[in-house]
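Notes to accompany the following structure.
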Amino acid sequence: MTAEQYIEHLMGEDPDLARVTDSIRAHEMPEISVAPGYGKLLTLLVSLTEAKQVLEIGALGGYSGICLARGLAADGRLVSLELKQEFADVAQQNLTAAGFGDKVEYRIGEALDSLTELAQAGRKFDFFFIDADKENYPEYLERAIRLANPGAIIVGDNTMLRGRVYDDERNGPSVQAMRLFNEKMIRDGRLIGAMLPAYDGLAIAKVR
Ligand code: SAH
Ligand code: MG
């Protein structure tokens, strides 16, 4: 057993998240939801920071959406950006089934376009979860910093790219983008950041 498996065993059954996993398989969507232990951490971080406005980039089937929504207070809201209407429909169904249908707003299309619209509308957020196309992570981070309330938290998933990010032989566009993202999350003067190496890696930063 691995440490990750042990922790998942401790966490036990979760019918709302199991429904997400089942629906992702049924719709033949990619099985790339956030890892269970990191989903639990998302709930904790949203709750800990008392974030009212949460922004997720990459909805898929709503697994991380449910984890984020679970941490929200009564007046908290989640905006979720997703390229594919079919995926957002599945995510919306799963959030509704989990009791969070009235807390989430999906915006369909290229996340960069939605981020531009949110900025034009003067929206600000307290918490960001970046988990869409890896090539755009550095730009998503810049947009998140611009949309951030002071003290906002930014989390990025899959920061190890299954080991490719620290493999000198791998230099494709996703790898280069993730290296830049990770450097900024750890070293950028606008942020206080840290990196968790378990699963596929998770970066967490606070906007100063
Ligand atoms: N956060 C989800 C998993 C997201 S998987 C969870 O943990 O439950 C990545 C998602 O990003 C996919 O649903 C994919 O369709 C979406 N995506 C990929 N490129 C995108 C883009 N350019 N704009 C918006 N969404 C995008
Ligand atoms: Mg991910």
Side-chain angles (χ1 to χ4, degrees), residues 4 7-8 11 13-25 27 29-49 51-73 76-108 111 114-115 118 125-134 136-137 140-141 143-144 147 152-162 178 181 185 195-196 198-205:
E4 284 98 333
I7 292 163
E8 287 171 26
M11 287 166 55
E13 300 284 306
D14 191 319
D16 288 324
L17 295 179
R19 187 186 302 111
V20 176
T21 305
D22 291 347
S23 68
I24 284 174
R25 290 209 184 99
H27 288 91
M29 293 159 65
E31 295 180 28
I32 52 172
S33 299
V34 72
Y38 283 161
K40 190 86 168 151
L41 180 61
L42 291 177
T43 304
L44 171 63
L45 288 173
V46 171
S47 173
L48 206 57
T49 56
K52 302 261 179 268
Q53 298 293 327
V54 176
L55 180 67
E56 168 183 72
I57 308 178
L60 191 66
Y63 192 111
S64 58
I66 289 173
C67 296
L68 293 164
R70 282 177 173 168
L72 290 171
R77 292 287 178 275
L78 170 66
V79 175
S80 180
L81 311 185
E82 173 53 52
L83 183 63
K84 298 192 175 183
Q85 180 75 57
E86 320 87 85
F87 290 5
D89 290 345
V90 172
Q92 176 127 46
Q93 282 167 24
N94 286 325
L95 265 86
T96 301
F100 300 116
D102 57 339
K103 290 203 160 282
V104 61
E105 171 198 340
Y106 289 93
R107 289 183 172 236
I108 315 306
S114 299
L115 289 163
L118 290 166
F125 295 88
D126 310 302
F127 195 104
F128 300 84
F129 182 50
I130 300 173
D131 193 23
D133 50 319
K134 307 312 169 201
N136 276 318
Y137 266 42
Y140 292 150
L141 177 56
R143 302 295 193 96
L147 289 169
I153 298 295
I154 301 174
V155 178
D157 194 26
N158 309 107
T159 54
M160 295 299 121
L161 292 178
R162 283 178 278 129
M178 193 62 80
F181 176 83
M185 288 293 276
M195 194 76 65
L196 304 186
Y199 293 110
D200 193 25
L202 194 82
I204 308 176

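Values below: all heavy atoms of this structure, side chains included; hydrogens, waters and symmetry mates excluded.
Atoms CZ and CG, on F129 and L78 in that order, are 11.0 Å from each other to the nearest 0.5 Å. To the nearest 0.5 Å, atoms CG (D126) and CD (Q53) are separated by 6.5 Å. Going from atom OG1 of T96 over to atom CG of D102 covers 8.5 Å, rounded to the nearest 0.5 Å. If you take CG on L55 and CG on L81, they are separated by 5.0 Å, rounding to the nearest 0.5 Å. For the atom pair CD1 (I7) and NZ (K40), the distance works out to 12.0 Å, reported to the nearest 0.5 Å. The distance from atom CG of N136 to atom CG of L115, rounded to the nearest 0.5 Å, is 9.5 Å.
Between H27 and E86, every side-chain heavy-atom pair lies at or beyond the 4.5 Å cut-off. Between F125 and V54, every side-chain heavy-atom pair lies at or beyond the 4.5 Å cut-off. Side-chain contact between I130 and D157: absent, with no pair of heavy atoms (C-beta onward) separated by less than 4.5 Å. A heavy-atom distance below 4.5 Å is found between the side chains of I66 and V20. Looking at heavy atoms from C-beta onward, M195 lies in side-chain contact with T159 at the 4.5 angstrom threshold. At least one side-chain heavy atom of V155 sits under 4.5 Å from a side-chain heavy atom of I153. Looking only at side-chain heavy atoms (C-beta outward), S33 and T21 stay at 4.5 Å or farther from each other.
The minimum heavy-atom distance between L95 and G62, with the atom names listed, is CD1-O, 3.6 Å. Considering every non-hydrogen atom in both D131 and Y137, the closest pair reads CA-OH, 3.4 Å. Of all heavy-atom pairs between K52 and A73, the closest is NZ-CB, 4.3 Å. Taking all atoms of both residues into account, the shortest heavy-atom contact from A111 to I57 is CB-CG2, 3.6 Å. Taking every heavy atom of both residues into account, V90 and M29 meet most closely at CG2-SD, 4.0 Å. R107 and S114 make their closest contact through CB-OG, 4.0 Å (heavy atoms, listed as atom of the first residue, atom of the second, distance).
Side-chain N or O atoms of T43 include one that pairs as donor or acceptor with a backbone N or O of C67 at under 3.5 Å. Side-chain atoms of K84 never come within 3.5 Å of backbone atoms of E82 as a donor-acceptor pair (strictly under, hydrogens ignored). Judged purely by atom type and a 3.5 angstrom limit, Y38 uses its side chain to pair as donor or acceptor with the backbone of A198. A side-chain donor-acceptor contact under 3.5 Å links E56 to the backbone of G65.
Judged as a ring-ring contact (aromatic ring centres under 6.0 Å, His included), and not counting sequence neighbours, Y106 has no contacts.
Other residues, nucleotides and ligands place more than 12 heavy atoms under 6.0 Å from the NZ atom of K103.
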Begin from the C-alpha positions of L45 and L68 and carry the test side-chain contact (heavy atoms from CB on, under 4.5 Å) through to its verdict.
CA-CA 9 Å; L45 288 173; L68 293 164; over 6 Å; no
Would R70 and D14 count as a salt bridge (charged side-chain N to carboxylate O under 4.0 Å, His left out) if you check the C-alpha gap in whole Å, the side-chain angles of each, and the deciding distance to 0.1 Å?
CA-CA 13 Å; R70 282 177 173 168; D14 191 319; 2.9 Å; yes
Audit row: D133, Y140, side-chain contact (heavy atoms from CB on, under 4.5 Å) steps and yes/no
CA-CA 10 Å; D133 50 319; Y140 292 150; 2.6 Å; yes
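Salt bridge absent: R19 and D22 never bring a charged side-chain N and a carboxylate O closer than 4.0 Å.
Checked by atom type, the side-chain pair Y199/N158 shows no donor-acceptor distance below 3.5 Å. E105 and S80 share no donor-acceptor pair across their side chains, judged by distance under 3.5 Å alone. For Q93 and D89, the side-chain atoms include no donor-acceptor pair closer than 3.5 Å. For S23 and N94, the side-chain atoms include at least one donor-acceptor pair closer than 3.5 Å.
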